[in-house]
Amino acid sequence: MALPQPKLAATEARLAGLSLPQGGWAEPARRDALARLQAMGLPARRDEYWRFTRPDALNAPDAAEAAVLEADEAPIFGTLDRLCLVFVDGVFDAEASDDPALDGVQIDRLANARDTDLHWARDIYGVLEQRGQTPVARPFAALNTAFATDGMLIRVTRTPVRPIHLVYLHRDRGSDAILHHVVRVEAGASATIIESGPAAARFNKCVEIDLADTAKLHHIRAQGRDHERSAVTHMFTRLGSESVFKSFTLTMNGRLTRNEMVVELTGDDAIAHVAGACVGDGDFLHDDTVFVTHDAVGCESRQVFKKVLRNGATGVFQGKILVKAGAQKTDGYQISQSLLLDDDSQFLAKPELEIYADDVACSHGSTSGAIDETALFYLRARGVTRAEATDLLTLAFLAEAVDEIEDETLRSEIVSRLDAWLVRRRS
Amino acid sequence: MLEIKNLHVKLEEENKQILKGVNLTVEAGKVHAIMGPNGSGKSTLSYVLAGRGGYEVTDGSATLGGEDLLALEPEERAALGLFLAFQYPVEIPGVGNMTFLRTAVNAQRKARGEAELSAADFLKLVREKAKSLQIDAEMLKRPVNVGFSGGEKKRNEILQMAMLEPKMCILDETDSGLDVDAMKLVADGVNALRDKGRGFLVITHYQRLLDHIRPDVVHIMADGRIVKTGGPELALVVEQNGYADILAEVA
């Protein structure tokens, strides 16, 4: 089917500035992805999936400039014992990174791996992304698979003692980065992957994650605080039986963030928890778009997303649980809530359930509210100042999402960053 | 200590006068009780003194140690030494009881220009005070008042009072929802805080609580005013005859 003229024009304009990396095992996958993108076109305002979030800044041939935030706090997770892999404006910086030798994990750079036959990565690259294109098109993910210039191929075979930390630095105010990572966790293996930083003025990131039976992956992400940055990210996760995937994302600031999580439970008794906390002030739009497919028996999925919004900030949540025929004993849970600190901010939510099995327990809820005045008075009557009481109640609101992080060190780091954000905004 | 003069209060949202000229002085070291039928304005008086929104003071004054209470924010009144034990303690999911107590204690110390308590000193102090109120470690860890029984909530109020060591304590129907044993425990907690430097205003429907917390002065409140003041024996009269006789007498 031919694309409507405006879509075609926007897609062609965007593609004109990009060139497909040539050669190596990934090239066929890149060409397929380009063909997918050309068939679906870039998103337009009238697309149902982009109703709440304008894709213009992401579609534009050139990235809008974004001022680089001057560091006013220590790098997040900086004191943790971890293996750091640093990207500067979307380009891997080996000098700034740790030696990627770590027991139980094999790490290769996408940009170098062209001519190495990493068949495990070839079997995933673009494959999970393509699976995630139905029933809903995700054009920026296809664009990413086709044009990603860098990224990491991480294969976890045992249980590395340190987490792997992907650090995304932003230095050039006009940078436009496309990164693509592939993660495979083998049976019985377990790892923690951390991501942090703004990466670029405009960032398109895709991660494909394949979890073998009984594999475990913890994922923690803190997106950069640069106010003018924009980002569209995708995570495609496929879970084998009895595997576990737990992911948490912290978002502070940023003009535009669209995080898509596509989770496919393909093996029995698998567990997937995805959570996020975001705080936005002023010119800020944060969009969590989640699609969880239950295609096996006895799986559990949780979506917990909380947003704190003020000064005209916008929060978007589109979350779906699809339970396929035969996916009996499914336990699906979804909650999305916003705390609106003033009348100018808004939260737009579209929770969806689509169920084709009869023996399932699925629930979803979505709310929007202000600070509880009764609780505020109670705290103030005990001597806590209004500002401090408001912050305490705001952190309490976010707690349900933050508590999804199992590791106490990581959790308290996230809490301290949220606390600092709130303190910076006290008037 | 607490001096209330000709206090007139109406609801902010509607033209309804609740307090119609309350006069009341509570001296340091004394326990005053306010009794009165439903709707007489007892709880409104406690809320207005603590600084809750939704009320408008149309006339009169209220001072604590000479300071104009009504000009202060709720947290400033607390730092000045005013404490209200709530009739319905508020549940705050996501805020641990211990965090809440420590934040409150340190906020008041900070407001008074005192050094904050160290974590170790604070913990020692809480454990000591909690023990006498039979509040266990589990209750201290849980979110503020969430899932607490009626008795646990009231004991938690008294624990806060004990930790904050206020000058002027207002207890708003602290006996409501308590069985006899729980009431005794709460009353013991209050009595332990009785001190020559501290005033108490105990608001209650019933004389029962006053068996345990012996008042020095009893006031009867009706239709937004104190209509009768007397000694502890006044509470007994209410218990035996209800409010009707007193109200008829002053009408």
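All chains are named by letter (A, B, ...) in the order of the sequence lines, taking the proteins before the strands, and each is independently numbered beginning at 1.
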Checklist entry - More than 12 foreign heavy atoms under 6.0 Å from NZ of A:K320: is that the case here? => result yes
Item to check | Gap separating the CD1 atom of B:I92 from the CG atom of A:D372, nearest 0.5 angstrom | outcome: 8.0 Å
Item to check | B:P166, part contacting chain A, at a heavy-atom distance under 4.5 Å | outcome: neither
Checklist entry - Among B:P93, B:P143, B:G51, who wins on heavy-atom pairs under 4.5 Å with chain A? => result B:G51
Item to check | Which portion of B:V105 sits near chain A, non-hydrogen atoms under 4.5 angstrom | outcome: neither
Item to check | CD/B:E13: more than 12 non-hydrogen atoms of other groups inside 6.0 Å | outcome: no
Next on the checklist: Let me confirm one number: the OG1-CZ distance from B:T103 to A:R382, rounded to the nearest 0.5 Å.
Outcome noted: 13.5 Å
Next on the checklist: If the contact rule is any heavy atom under 4.5 Å from chain A, which residues of residues 106-123 of chain B qualify, in numerical order?
Outcome noted: B:A107, B:Q108
Next on the checklist: Please rank A:L376, A:T385, A:L393 by heavy-atom pairs under 4.5 Å with chain B and give me the top one.
Outcome noted: A:T385
Checklist outcome for this item: Taking every heavy atom of B:E75 against every heavy atom of A:V384, the minimum-distance pair comes out as CB-O, 3.5 Å
Checklist entry - Quick one: CD on B:E157 to OH on A:Y378, what's the gap to the nearest 0.5 Å? => result 3.5 Å
Checklist outcome for this item: Closest non-hydrogen atoms of A:A375 and B:V90, given as atom of the first, atom of the second and distance, are CA-CG1, 3.8 Å
Next on the checklist: Can you tell me how the ring of A:F377 sits relative to the ring of B:F86, calling it parallel under 30°, perpendicular over 60° and tilted otherwise?
Outcome noted: tilted
Next on the checklist: Is it true that, when you exclude B:R127 itself, more than 12 heavy atoms of the residues, nucleotides or ligands shown sit nearer than 6.0 Å to its CZ?
Outcome noted: no
Checklist entry - Hey, are A:E373 and B:R52 close enough for a salt bridge, meaning a charged N less than 4.0 Å from a carboxylate O? => result no
Checklist entry - Would the number of heavy atoms belonging to other residues, nucleotides or ligands and lying under 6.0 Å from NZ of B:K30 be above 12? => result no
Checklist entry - So do B:Y88 and A:T374 actually touch side chain to side chain, heavy atoms under 4.5 Å? => result no
Checklist entry - Is B:E73 salt-bridged to A:R380, cutoff N-O under 4.0 Å? => result yes
